[in-house]
2 protein chains.
Amino acid sequence: MPRKRVTIGDVAARAGVSKSAVSFVFNDRPGVSAAAKERILAAAADLGWQPSARARALSRSRTQAVGLVIRREPELLSTDPFFPQFMAGVEIGLTARDYSLVLHVVPDEKTERAAYERFARESRVDGVFLTDVRVGDSRPREIAALGLDLVVIAPEGADAGGDVVISMDDGAGVRRAVHHLHSLGHHRIAHVMGAPGYVHTEARRRAWQETLAELGLPIGPVVTADFTGAGGARATHELLDLPQPPSAILYGNDLMAIAGISAATDRGIRVPEDLSVVGFDDVPLAPYVVPPLTTVRQNVVSWGTAAAQTLVALVERKQAPTVQLPPVEFVVRGSTGPTRNRRPA
Amino acid sequence: MPRKRVTIGDVAARAGVSKSAVSFVFNDRPGVSAAAKERILAAAADLGWQPSARARALSRSRTQAVGLVIRREPELLSTDPFFPQFMAGVEIGLTARDYSLVLHVVPDEKTERAAYERFARESRVDGVFLTDVRVGDSRPREIAALGLDLVVIAPEGADAGGDVVISMDDGAGVRRAVHHLHSLGHHRIAHVMGAPGYVHTEARRRAWQETLAELGLPIGPVVTADFTGAGGARATHELLDLPQPPSAILYGNDLMAIAGISAATDRGIRVPEDLSVVGFDDVPLAPYVVPPLTTVRQNVVSWGTAAAQTLVALVERKQAPTVQLPPVEFVVRGSTGPTRNRRPA
DNA sequence: ATGAAAGCGCTAACAC
DNA sequence: GTGTTAGCGCTTTCAT
């Protein structure tokens, strides 16, 4: 059980120097002799002392912490493979620089706004990440107005309005998926969109459409859903009810795709014999559904790390390191196969 | 864009009072006239002022923040429905008292230990949650030695060594599952355990075993796995390779159960006709696999809220509110059915 | 190279 | 009731 809190004064006394000398050593600043430095470090180690983040935050006017606000409906919260991985990546970038992550999980827009306000007003964090960007999103401006540094995570090509962006190439994955289906002979390729309004939803739809056009395929039917299982099932029934149902469906995420397989199976439609299905995310369950899901995998952890490094650099007004983000992967499993209905391409 | 940071002094000046008056008002302490209070609140609102968490933390020697360390192997990270829901629940309990959550995601034990040390040494948080408790876990003692307040989240009956515990009744869910299978006529009911060493893994196994004994059923075969899909599949093959394979398998979580269905299907064994499968967690995908998964659902969000309220009370040395935790639910779907092999009970 | 001292913005004794 | 003032533990300028 620790006695009274040991402070910089104790360390200074033990090392026979002034408090500023100790401070200098712990901030990698010149002006302390090698001998003194040695004694100081020894004293600190003996006493088990480490600068108090509280006191430091006050005197430096920086908390050495950044914030992340997660807005998610309960249903989607534990579904989304994004946040856990993103946070794990963020952590890697943050601990390397001794930063902490302050998290808020909020249910709606009002609470979300309040969370950013609190971050700024209470000076709890120096900067924040912004994810789940929507089309015409006003939050970047609002956050900047609060005086917080900001790094936006958005798909490539999204309108960022001058903000610092870590972009992920959603389009590349979709293009590979469409090419894969095309090479299997499909030419009626539908798309089930995620929740409308998100730049991700849009980016994926656009890539689907453009790739079909490039390949000279007809722009297949598209249904708007909401990233949930129920929504994916509903959309699938809608597509299969069409007079001319698609032979392949590309879904905005894995959850909808898996629900889609289930919906098709219920109708007696076999996957992949009668219908090919492609997801997006590669959730851990994807290899274990029946049939195993063909899907797009992105390296979310690496975005997290890149975003964290960039935000820290921004906060410290330093040059952000240029990070090389690994490319998307396309994972072919059992849910896609050749068409039977039509001649191969 | 905000000008210079507004401080308590500005508010005091504008309201024509002293700083302490302002401080008193913002800490709900008596000793300020109604009139003064009104002027102070008005002034604060005009200036958009709010006490700085930084300064407050220093002078109160409390940060008004609590910490959560998540240790997870990459593979399991986005698989586990627990943490997102738990965090959402924690948030509810925390924001109500204006506390923040500081999060660390770590890959291994060494880093985990370092995270708690940093929490304490840097005085970043006032208390922490401890999850994923292992049998004979030394962390409660270590954390207490660091001077951090602690709330442990563990299944009922786990040895807590005097710590404050929010307990969830894993056993109740398992008992209902076994009774359900028994009522369907199964009497060879196997169990696939999660990763060894965790109190959850143990609690679930024990409940399975005790319930079988109560029902006069033979203690079926049990295989230790690791909560992963691959592990679940492997365990399933092992059980089905037995000279006398079980007619039902109870898995330690949904991911293993779903992988188990997949493994069985691959061998031409139909679920639920030839084999009944029960999971644990009720992940969002559970209703959408084929066949839909029968499983145990716990209200993780409510534990999070209870844990947060308890930790805040602990930190503030107040009486913890007694929280009523909702009971487990058992969700019957399509992956369980009557035995064909043997006579019904 | 080293030390003294003035903040950082708030809380809480204490005196008025 | 209300104002004054001394911390909280560190950083950082400025003499020495």
Side-chain angles (χ1 to χ4, degrees), chain A residues 2-41 43-44 47-65 98 120-124 126 147 316, chain B residues 2-41 43-44 47-65 98 120-124 126 147 316:
Chain A
R3 332 204 125 277
K4 231 184 178 77
R5 181 163 230 319
V6 9
T7 74
I8 194 172
D10 302 327
V11 177
R14 186 177 240 265
V17 298
S18 74
K19 297 196 295 177
S20 27
V22 178
S23 174
F24 276 35
V25 168
F26 274 79
N27 288 289
D28 287 323
R29 295 168 53 137
V32 181
S33 66
K37 182 168 179 176
E38 190 134 332
R39 270 180 296 134
I40 290 170
L41 289 174
L47 268 40
W49 178 85
Q50 206 164 320
S52 151
R54 290 202 282 248
R56 219 176 214 187
L58 184 57
S59 68
R60 295 209 290 215
S61 302
R62 283 206 280 103
T63 53
Q64 208 147 319
D98 266 350
R121 289 278 188 76
E122 294 189 345
S123 306
R124 269 220 188 261
D126 303 323
E316 300 187 342
Chain B
R3 333 202 124 275
K4 231 186 180 82
R5 180 163 232 315
V6 8
T7 75
I8 196 173
D10 301 328
V11 176
R14 186 177 239 265
V17 297
S18 74
K19 295 195 297 175
S20 32
V22 179
S23 175
F24 275 36
V25 167
F26 274 79
N27 288 291
D28 287 323
R29 294 165 55 131
V32 182
S33 66
K37 182 170 180 175
E38 189 134 333
R39 270 180 297 137
I40 289 169
L41 288 174
L47 267 41
W49 178 85
Q50 205 163 320
S52 152
R54 289 201 285 248
R56 220 177 212 188
L58 184 57
S59 66
R60 294 209 290 213
S61 300
R62 283 207 280 105
T63 54
Q64 207 146 320
D98 267 352
R121 290 278 187 75
E122 294 188 345
S123 306
R124 267 215 189 266
D126 303 322
E316 301 187 343

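None of these values were measured; they are calculated from a predicted model. No hydrogens, no waters, no symmetry mates; every other heavy atom, side chains included, goes into these values.
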Just how far, in rounded Å, is P of D:dC8 from CZ of A:Arg60? 21 Å

Rounded to 10°, the angle between the first-five-pair and last-five-pair axes of the helix from C:dA1-D:dT16 to C:dC16-D:dG1 is 40°

When the distance from CZ of A:Arg56 to P of D:dG9 is rounded to whole Å, what number comes out? 15 Å

Does A:Ser59 have a side-chain nitrogen or oxygen under 4.0 Å from the phosphate oxygens OP1 or OP2 of D:dC10? no

Are side-chain heavy atoms of A:Trp49 and A:Val22 found at a separation under 4.5 Å? yes

Which part of the nucleic acid, if any, lies within contact of B:Val17, taking any heavy atom under 4.0 Å across all strands shown: a base, the sugar-phosphate backbone alone, or nothing? sugar-phosphate

side-chain N/O A:Arg29 vs D:dT12 OP1/OP2, d < 4.0 Å: yes

Think A:Ser23 has a side-chain N or O under 4.0 angstrom from the OP1 or OP2 of D:dT11? yes

Contact boundaries on DNA chain C for chain A, cut-off under 4.0 Å to non-hydrogen atoms: C:dA1 to C:dG9

Atom CZ of B:Phe24 and atom P of D:dT4: how far apart are they, to the nearest Å? 14 Å

Which heavy atom of B:Thr63 sits nearest a heavy atom of B:Ala57, and at what distance? CA-CB, 3.9 Å

Where the side chain of A:Ser52 is concerned, which of D:dT12, D:dT4, D:dG9 is the nearest nucleotide? D:dG9

